[in-house]
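Given the structure is predicted, the values throughout are model-derived calculations rather than measurements. Lettering follows sequence order; numbering is per chain, from 1.
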Amino acid sequence: MFSMTHPLILSILLTPNVMDQSRLSNSISGSPAALRPRELSLACQPDAKDLVIRDGWIQEGPPSQKITAAYMVIENHGDADISLESASSQIAQVIELHKMELTDGMMKMRRVGSIKIPAGGIVELKPGGYHLMVIGLNKELKDGDVVSITLQFNNDLHKSISIPVRPRSAMVKEG
Amino acid sequence: MKYKIFSFCQVMSLTIACATLTARNLKAPSQTAIGGTNSASETVVNDFALTDQSGRPFHLSQLRGKVVLLFFGYTHCPDACPTTMAKLSRVYKLLGSDAERAMTLFVSVDPGRDTPSVLKGYLAYFHLNSLGLTGTKEEIDEVVKQYGAKYEIEQSDSAAGYHINHSTDLYLLNQKGEPVKTFSYSDGIQVIADGVRQVIR
């Protein structure tokens with residue numbers, strides 16, 4: 001960790017005018033001049049408060065379906081990369097991380113071990129890309145229901161979110 | 001690119017037709033695309049046989065007079081299939097009274113899990129004028145080939161079991177069952193509705 005912070009501290013001390021302001025503004029509020037090395041070092045640990053999860057929804061499906069998908073936007077306002085490693089919920093036996101890709105004229109799906117949200121970055125779980133694959137639903141999900149899902153990140157970070165159930169048709173774009 | 005393939009195959013078709021005066025025999029219902037070529041536009045046969053969601057034999061020719069939207073997928077699909085079906089339910093709304101002149105066919109490429117009754121329950125959810133179709137793997141493969149679609153079953157360590165990678169094109173067939181247009185996955189509901197209307201009128 002020190003090796004990551006050290007060059008940054010040097011750059012602050014030596015060349016304050018060429019600092020990457022946007023990167024810093026993602027992680028630390030206030031004036032960069034007020035930074036102390038100790039604060040910077042802390043900021044480089046993944047921290048739950050640096051994670052913003054928004055626009056989540058889980059797909060309503062045919063009543064007989066035992067699988068569905070959940071989507072959301074994950075923002076990492078911290079200085080360290082964060083990895084989403086797993087997820088769980090009382091509504092399903094298992095939740096896996098999956099990725100869809102349109103290649104060779106086919107929509108291909110594969111299971112992934114983790115989803116990296118780079119420092120200061122955003123990852124969108126969306127149709128045609130990453131999703132939480134919700135397997136073994138033990139209740140029928142209806143439009144308007146709210147589902148609680150716990151997301152497990154690296155460094156023992158976890159975050160519980162409540163997201164609405166939406167029919168896929170409501171999420172189809174016009175045009 | 002598509003045009004090149006098309007014209008090449010038109011030439012091929014013509015050559016075959018000229019060379020063999022019995023070319024018409026190729027239109028026997030069991031015949032698939034000439035030489036197993038790879039585009040809907042090359043298909044000379046406008047029929048196929050599968051089993052419908054009630055377990056009854058189905059022939060495409062039953063739907064003469066209807067515009068058909070044909071899609072290949074599977075009900076365990078979390079993304080592309082429900083997206084396409086959801087798009088089509090929106091397309092049907094845009095079509096208004098024309099919607100009853102269109103029929104969606106969902107051909108399952110997963111006969112192992114998609115029984116007729118599973119397909120029936122799945123499609124009922126989307127409120128479409130639709131039919132789920134299944135069959136033996138061989139029967140399904142023949143139809144897949146006929147339209148130039150493709151799929152592959154991929155074993156996975158997922159708790160959901162194997163999954164199926166599949167093409168996501170949507171084929172528009174006219175009232176005679178002739179493929180007239182292929183919509184890509186990125187085509188929006190307005191594009192699809194316009195395409196359907198053009199054929200209806």
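- Only the side chain of B:F126 has a heavy atom closer than 4.5 Å to any heavy atom of chain A.
- The choice from B:G121, B:A160, B:S184, B:C77 that makes the most heavy-atom pairs within less than 4.5 Å of chain A is B:A160.
- Shortest non-hydrogen contact noted between A:S169 and B:R90 is O-NH1, 2.6 Å.
- The side-chain heavy atoms of A:P167 and B:Y125, taken from C-beta on, include a pair separated by under 4.5 Å.
- Looking at A:M100, the atoms closer than 4.5 Å to chain B (heavy atoms on both sides) all sit in the side chain, from C-beta outward.
- Using a 4.0 Å cut-off between charged nitrogen and carboxylate oxygen, B:E154 and A:R110 do not count as a salt-bridge pair.
- When the candidates B:V118, B:I164, B:D157 are compared by the number of heavy-atom contacts under 4.5 Å with chain A, B:D157 comes out ahead.
- A side-chain contact (heavy atoms from CB on, under 4.5 Å) with B:S158 is found for one member of A:V94, A:I135, A:I67 and no other, namely A:I135.
- You'll find the side chain of B:S156 stays beyond 4.5 Å of the side chain of A:M109, heavy atoms only.
- The backbone N or O of B:T75 lies less than 3.5 Å from a partner atom in the side chain of A:Q65, making a donor-acceptor pair.
- Of the two parts of A:E60, the backbone and the side chain both hold a non-hydrogen atom closer than 4.5 Å to a non-hydrogen atom of chain B.
- Under 4.0 Å is where a charged nitrogen must lie from a carboxylate oxygen, and between A:R168 and B:D79 at least one such pair does.
- With chain B as partner, the option from A:G136, A:P63, A:A170, A:G105 having the largest number of non-hydrogen pairs under 4.5 angstrom is A:G105.
- Looking at B:S89, only its side chain comes within 4.5 Å of chain A, counting heavy atoms on both sides.
- Between chain A and the options B:A159, B:P78, B:S167, B:A86, heavy-atom pairs under 4.5 Å are most frequent for B:P78.
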